[in-house]
Structure formats: structure tokens, C-alpha cells
2 protein chains.
Amino acid sequence: MRGVEIPEIRNIPLFEGMEDESFDLMLKSSYFQRFPPQVQLITEGDPPDFLHIVVDGAVELFAHSNNRETTLAILRPVATFILAAVLKDAVYLMSARTLEPSHVLMIPSENIRAAMVRDHRFSRQIVIELANCYRGVVRAQKSLKLRTGVERLANFLIRIDARGAGDGKVRLLEDKKKLAGLLGMTPENLSRAFGTLKKYGVEVDGNDITLTNLEDLKGLAKPNPLIDDRSI
Amino acid sequence: MRGVEIPEIRNIPLFEGMEDESFDLMLKSSYFQRFPPQVQLITEGDPPDFLHIVVDGAVELFAHSNNRETTLAILRPVATFILAAVLKDAVYLMSARTLEPSHVLMIPSENIRAAMVRDHRFSRQIVIELANCYRGVVRAQKSLKLRTGVERLANFLIRIDARGAGDGKVRLLEDKKKLAGLLGMTPENLSRAFGTLKKYGVEVDGNDITLTNLEDLKGLAKPNPLIDDRSI
DNA sequence: CCAATGCCTTGACATTTGTCAAAACGAGGG
DNA sequence: CCCTCGTTTTGACAAATGTCAAGGCATTGG
């Protein structure tokens, strides 16, 4: 694949400041592919061949153990995944599947490592990206261990409202089953959690949520920038 | 501080292959300090001044929210902490305190960043270290979301037995309160979990545990290398 | 030796969360 | 338009986990 020709890719922040030459060399034998929904892209336990980057659509990271499955993250553009496995050249700890029709860029692991040696600016960006991933998981773990299910849901709603217009009108991008998994609860419990939040001004109409009393909701949720604010 | 003189530090894997010159320059204005137990080394929300490395003793990473506190990890030599915050130059997401008398090496953040630019081998080691930290948290999160409390305890015991002599004789290094926090449960529940495991050949005598029936215990725990095996 | 302290355990109970089954709802295909 | 399918909600119940209070046990310091 030639890289510089596709601005959609060239303009990804991760590649910012990269030499065109390094960039093109790295994208040799890469793929920029479109997948339908529900395609499993990688499987936990497999060795890493490619760094994956979601350029369009949505990808779920999930894991199995004991016959149970859990959603660890839902990625939307532009996001990398399995970066740590690629850098360590160690097996994947998570599986990934598309949730929507998605455009995914796949760069061979060795190309990534080679580009890091060649291009110092890129190396720096990769380190920042990895650090961001790390901090994301730490936040998720704090949320899981320090909050109840209802609190996690309340904070989730406050967060996506703030990330959007902040006008209390929120649209869920994923179905409630996935959202439940992401928040660490069953779909039945998510339903009940929404029921509990009715008293705090949360009105549910399918995937459209309206927050009519943000003060009360925040009183319950007790949002904490060190968990909820992705920008720090 | 001069670095090359202290082999204890010079031989840390993270610094392997580093030029003596780079190493010495990096350790300028670093501190290698001894702390008593229960000293808080860093506080979540503070900006990162130093990369910390536990060279001796034990350090707990913990976090607060809502008046609740949880233990996120217990670090033993040799381990770095708050690496991601240092690399991003972003506030700490966790606090840290010593649990035992501990020797901690503290290297100014800028020195780390400068050494990464100067010394490519070191940069590579830092990336690997960060990737390891990331994978550690991912494992912890999988454990939390896919296992019950009893299962987490059972796997913990199997893991430290395997890491030691593998003879079924296990010694808990931390008190049960901390262990409970680490495993994501209350101390009362940990007590009960040990009670449940009695049927599976787990004998408790203070901090000395004996696993008399590893087969049965594994039948309950269903250990999974993608969660429990740190070496992959 | 005793008292005091802190840790751990136990019991009783409340809350949270999960499970199973059934009903309600909604989107898409004939 | 109706049927079908999968999602979502609801109810009833079970299991897991947390909370509070009390007691046991070991350690420490007088």
C-alpha cells in the first residue's frame, strides 16, 4: 500500500511530524481494509502480526475466561489497538471484533518497530499513545473498584454529555448489551440502573437519553477528574 | 548522585545496555532514598517530578474516590511506578505509599526524557517497561470482570505458589487487609473466601498457606495463562 | 503478669449483582 | 401489513458482596 496518497491516514495524529519517507516505508505491506460488522479481527493468545488502527466505524475489545466474556473497551476513530503486544512482540491479551462497518489500517509489527528506530518523532508519538492506553485502563480499573454499577452508569452519562454539546441530550452509540458489558454489569442490571437514575432526572427513550437534572445526577455520581476526564 | 558506583542500581534491567555516560548524566540530581513504612511517596493529582523505582522493600499503589480507597497494586523490587505520568508529563492517577522500610530511586522526569532521546537502547527498555505495565493492568481488569472473589483468590494462591518453589507452601508477604484490597474485596470477604477454599485443600495458618490439593484448587480456579502468566 | 492495641475472624443482616423466565418492544423481511 | 427475530424490560429469585458489631488472638509495652 502507498501511504502518502491517502490524507485520511496521513493526517492521523500518531503520524504527525513523521518524514514522508519513513511513513511510506512503514506502510509498505500494510492493509487498509473495510470490514462488515461482527468480524473478529484478532483473537487473544495469537501472536501480533499487525498494529491495528480504527480509522472509521467501531471496534470492540473483549476477552474470555471460564466461558464468560467481557467487553474491555469500545474504540472509535482514531484509535490504535494491541499496541503493547506489538511492541513487546507478545501474544494478544484481548480479542477484537467490528461492531459496525469499519475501516481498519493494519501495519506489520516489524514496520512499526523499524519506523521507531528510524524516526524519533514517531517513536515519541508511540510512547505517548501507549501511555494514554495505560492511563485509560487505570481509569477503568479505578471506576470498577471504587464505584457501584449505578455510579458507573451515572458517570458515563455525565461524561458523554460533557464530551458532546453538554446540553443534557445524549445518544448512546452502542446497544445496551454492549454498554452493560463495558460498564461491568449485566443488561438486566443496566435496565434497573436506568430505573434508579429516573429519580435523578435521567429520561430514557431508546438510545436517546435526556439528563434533566445534572446537579442531582452529579450529586449521586460524584464525578472525579482523575477517573472521568480523559484530557488529563 | 553518582550512579556507576552503586551496582545495585547499575544492574537494574531497565538500565541494561545503557552507556555509562548516559547513565551517569541521567542520575544527576536523582535521589536514592530510604523510607520507613507508611510514608506517602506521591499523591494522585500531583504533577510528576520524578520517576520512582522500588529497589528494596514494598510500595502500594492506591487511589481514592467517594471516600473509598482501593489498592491497585503492590510493587516489589525491582519495579518502576508512575512511568506513564512521567512520559506524558501528566498528573498522577494513583498515590503511592511504602508498606515496608524501602529503598526508592527517584530520577527527575526531564532526565528520563532526555536519556530516551540520547540513548536508544534505554528508550527501547522504557517502552518495554511501559508495555509490561499496561499488560499488567489489562490482566487485572480481566480478572476483576471475569472472575468471582473466590476465583481471584484461588488463582492468586496458585500463581504465587508457581512463582515460588511450586511445592504448595506459600507465604503471604502482605497482611490480609491489603491482600483483600488488591483482590477487589473486603477483608471480611477474604476471610470467607479462605473458608470456602478449605474444601479445596487450602490450609491457612496466619500468613502461611499450604495447598494440599492443587488439582482440585485448579478445577475451581480455572487458571488462564492470558490472565495469570506474567511471563507472556 | 496484665492491659491495650491492632488484626483477623465470625455472625447477622442489608445491599448489590447475577440468573432465569417471560413479556414487551421495535426493526427488517416477506 | 404481519411475522419473525433479536433486543430490552420486568419480575421473582439466588448468589455474591458489603456492612456492622462482637469476639478471638497475637503482639507490645508497661
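A note on names: the letters A, B, ... follow the listed sequences, proteins ahead of strands, and every chain is numbered from 1.
- By the 4.0 Å N-to-carboxylate-O rule, A:Glu60 lies too far from A:Lys177 to be salt-bridged with it.
- Across the protein-nucleic acid pair, A:Glu174 atom CD and D:dT7 atom C1' stand 15 Å apart, rounded to whole Å.
- Between B:Leu72 and B:Ala63, the shortest heavy-atom contact is CD1-CB, 3.8 Å.
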Detail all sub-3.5 Å separations between protein N/O atoms and N/O atoms belonging to nucleotides 24-29 of chain D.
none

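- Ion pairing of A:Asp216 with A:Lys199 is absent here, as no side-chain N (NZ or NE/NH1/NH2) approaches a carboxylate O to less than 4.0 Å.
- Side-chain contact between B:Leu157 and B:Phe194 is present, with at least one heavy-atom pair separated by less than 4.5 Å.
- Of the residues in residues 182-204 of chain B, those lying under 4.0 Å from DNA chain C by heavy-atom distance are B:Glu188, B:Ser191, B:Arg192.
- Between D:dT9 and A:Lys176, a contact under 4.0 Å exists linking OP1 or OP2 to a side-chain N or O.
- As a whole-Å value, the separation of B:Asn66 CG from D:dT19 C1' is 16 Å.
- To the nearest angstrom, C1' of C:dG6 lies 14 Å from NZ of B:Lys178.
- The aromatic rings of B:His52 and B:Phe81 are tilted relative to each other, their planes meeting at an angle between 30° and 60°.
- No side-chain heavy atom of B:Lys178 sits under 4.5 Å from any side-chain heavy atom of B:Phe62.
- For the segment residues 144-152 of chain B, residues with any heavy atom less than 4.0 angstrom from an atom of DNA chain D are, sorted by number, B:Thr148, B:Gly149.
- Within the 4.5 Å cutoff, no side-chain heavy atoms of B:Asn155 are placed close to those of B:Ser143.
- Rounded to an integer number of Å, the gap from A:Asp175 CG to C:dG28 P is 14 Å.
- Across B:Arg163, B:Arg152, B:Arg147, B:Lys142, a single residue satisfies salt bridge (charged side-chain N to carboxylate O under 4.0 Å, His left out) together with B:Asp228, and that is B:Arg147.
- Nearest heavy-atom pair across A:Arg135 and B:Val91 is NH2-O, 2.8 Å.
- A:Lys88 forms no cation-pi arrangement with B:Tyr134, by the criterion of a distance under 6.0 Å to the ring centre and an angle within 45° of the ring axis.
- Between C:dG6 and B:Lys177, no contact under 4.0 Å exists linking OP1 or OP2 to a side-chain N or O.
- Counting to the nearest Å, the P atom of D:dG6 and the CD atom of A:Gln38 are 12 Å from each other.
- The side-chain heavy atoms of A:Thr196 and A:Val202, taken from C-beta on, include no pair separated by under 4.5 Å.
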